[in-house]
Amino acid sequence: GLIRKLRSDSKMQHYSIGVVTPFSAQKDLLRNLLEADGAASKILADSAYGFQGDERDIIIFSPVVAAGITSSASKWVESPPNLINVALTRARQALFVVADFDYCLQQEPSGILRKLADYCNDLQTLRDTSPAELELYSWMIVEGWSPEIHPRIGDVEVDFSLSSKDGVRLAIEVDGAEFHDETVTIDRSRDSFLQAQGWKVLRVPARAILETPHNVIEKIKGALE
């Protein structure tokens, strides 16, 4: 269904598509289905090994792991984890992960499938909240940081929080375009509370994130020092 939807989208018809799966049985099934649909010559379905050194505009990754799978098969998907990394880094334009996220979220917190499910959930949360927050989160991940999304600090929920190796705790708030006296008063009250709890507070305009993200990242670096 996803492949048909992508191929029918006029904006994506010229994009190359690849489907990555860890199991040979699913690979064979996908190839048979693509052949029956007349798309076998246009879409590559293979294991991560088959994509070594190769890329596609769009990658669809199916870890297969779901309720009912044996624990040994589930662990095999994650070992070695670099194969999943290969699958996820073959996409030039877009990555789709088709998985049982509820089941993946039940895996070991240190496992790559759990981390992948957490990451996808975080992205969806930000996509539903604010384009500026999603953009800032992406830049922070590129920096190698591990921001918490919408954490609660006491009774206050902030947009992001970051901690430095030196113990600096930074709350980052993304401000929208609307400013009036009531909003400013509430923001100052929130900032005072956070600072009393030992947090530094950095407010960033959404417009600055979308137009000059590098400057925003530099401000965050400065605040973490």
Side-chain angles (χ1 to χ4, degrees), residues 1-7 16-37 39-40 43-129 134 137-138 140-152 157 160-163 165:
L2 175 58
I3 291 176
R4 288 196 181 103
K5 184 177 181 179
L6 291 172
R7 294 185 67 207
S16 58
I17 300 175
V19 185
V20 185
T21 172
F23 293 104
S24 59
Q26 190 189 37
K27 176 187 71 176
D28 294 339
L29 174 62
L30 288 169
R31 287 181 174 179
N32 289 336
L33 291 173
L34 289 170
E35 185 173 353
D37 207 34
I43 300 173
L44 174 62
D46 211 331
S47 67
Y49 288 109
F51 279 85
Q52 293 271 17
D54 197 5
E55 292 182 336
R56 289 293 187 274
D57 295 319
I58 299 172
I59 287 290
I60 301 171
F61 175 55
S62 171
V64 185
V65 174
I69 194 172
T70 64
S71 59
S72 58
S74 179
K75 291 179 180 178
W76 184 85
V77 173
E78 296 200 66
S79 180
N82 65 294
L83 291 182
I84 294 181
N85 290 332
V86 169
L88 300 181
T89 56
R90 298 303 91 185
R92 284 189 290 254
Q93 298 292 336
L95 168 69
F96 292 87
V97 179
V98 180
D100 184 339
F101 284 99
D102 290 337
Y103 187 81
C104 289
L105 288 169
Q106 297 172 22
Q107 305 308 299
E108 292 294 327
S110 60
I112 191 169
L113 285 176
R114 169 66 179 273
K115 291 180 179 178
L116 175 62
D118 283 334
Y119 178 70
C120 289
N121 278 348
D122 287 344
L123 289 182
Q124 189 59 53
T125 296
L126 294 175
R127 187 172 284 113
D128 294 338
T129 303
L134 178 60
Y137 180 74
S138 299
M140 289 192 289
I141 292 297
V142 169
E143 286 293 326
W145 298 335
S146 300
E148 287 192 50
I149 295 174
H150 298 172
R152 294 198 68 84
E157 180 182 288
F160 300 103
S161 68
L162 278 173
S163 298
K165 295 180 181 179

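Please read these numbers as outputs of a predicted model, since none were measured by experiment.
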Between [atom1] of [X] and [atom2] of [Y], what distance do you get to the nearest 0.5 Å?
{"X": "Leu6", "Y": "Phe96", "atom1": "CG", "atom2": "CZ", "result": "5.0 Å"}
{"X": "Ile59", "Y": "Asp54", "atom1": "CD1", "atom2": "CG", "result": "8.0 Å"}
{"X": "Leu34", "Y": "Ile17", "atom1": "CG", "atom2": "CD1", "result": "9.5 Å"}
{"X": "Asp128", "Y": "Leu123", "atom1": "CG", "atom2": "CG", "result": "11.0 Å"}

Pairing residues for Arg127 by the side-chain hydrogen bond (donor to acceptor under 3.5 Å, both in side chains) criterion, not counting sequence neighbours:
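Partners of Arg127 by the side-chain hydrogen bond (donor to acceptor under 3.5 Å, both in side chains) criterion come out as none, since no residue qualifies.
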Taking side chain as C-beta onward, heavy atoms only, is [X] less than 4.5 Å from [Y]?
{"X": "Ser163", "Y": "Glu148", "answer": "no"}
{"X": "Ile3", "Y": "Asp37", "answer": "no"}
{"X": "Asp46", "Y": "Arg31", "answer": "yes"}
{"X": "Phe51", "Y": "Leu44", "answer": "yes"}
{"X": "Thr125", "Y": "His150", "answer": "yes"}

Within 6.0 angstrom of [X] [atom1], more than 12 heavy atoms from elsewhere:
{"X": "Glu143", "atom1": "CD", "value": "yes"}
{"X": "Glu108", "atom1": "CD", "value": "no"}
{"X": "Arg152", "atom1": "CZ", "value": "yes"}

Nearest heavy-atom neighbours spanning [X] and [Y]:
{"X": "Leu105", "Y": "Ala117", "answer": "CD2-CB, 3.7 Å"}
{"X": "Ser16", "Y": "Arg92", "answer": "OG-NH2, 3.4 Å"}
{"X": "Pro147", "Y": "Phe160", "answer": "CB-CD2, 4.3 Å"}
{"X": "Ala39", "Y": "Arg7", "answer": "CB-NH1, 3.2 Å"}
{"X": "Ala48", "Y": "Val20", "answer": "N-CG1, 3.8 Å"}

Partners passing side chain to side chain contact (heavy atoms under 4.5 Å, CB included) against Asp122 (at least two apart in sequence or in another chain)
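Partners of Asp122 under the side chain to side chain contact (heavy atoms under 4.5 Å, CB included) test: Tyr137, Ile149.
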Val64: partners by side chain to side chain contact (heavy atoms under 4.5 Å, CB included), with sequence neighbours left out
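By the side chain to side chain contact (heavy atoms under 4.5 Å, CB included) rule, Val64 matches Thr21, Pro22, Phe23, Gln26, Ser62.
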Can Met140 and Leu162 be said to form a side-chain contact (heavy atoms from CB on, under 4.5 Å), step by step?
CA-CA 10 Å; Met140 289 192 289; Leu162 278 173; 3.8 Å; yes
Worked check of side-chain contact (heavy atoms from CB on, under 4.5 Å) between Val65 and Asp100:
CA-CA 7 Å; Val65 174; Asp100 184 339; over 6 Å; no
Chi angles and distances behind the side-chain contact (heavy atoms from CB on, under 4.5 Å) call for Ile43, Ile60:
CA-CA 11 Å; Ile43 300 173; Ile60 301 171; over 6 Å; no
Asp102 and Gln106: side-chain donor and acceptor closer than 3.5 Å?
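Absent: no donor and acceptor within the cut-off.
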Apply side-chain contact (heavy atoms from CB on, under 4.5 Å) to Val77 and Gln107, showing your working.
CA-CA 12 Å; Val77 173; Gln107 305 308 299; over 6 Å; no
Between the main-chain N or O of Ala91 and the side-chain N or O of Arg56, is there a donor-acceptor pair closer than 3.5 Å?
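No, the answer is negative, given that no donor and acceptor are paired below the 3.5 Å cut-off.
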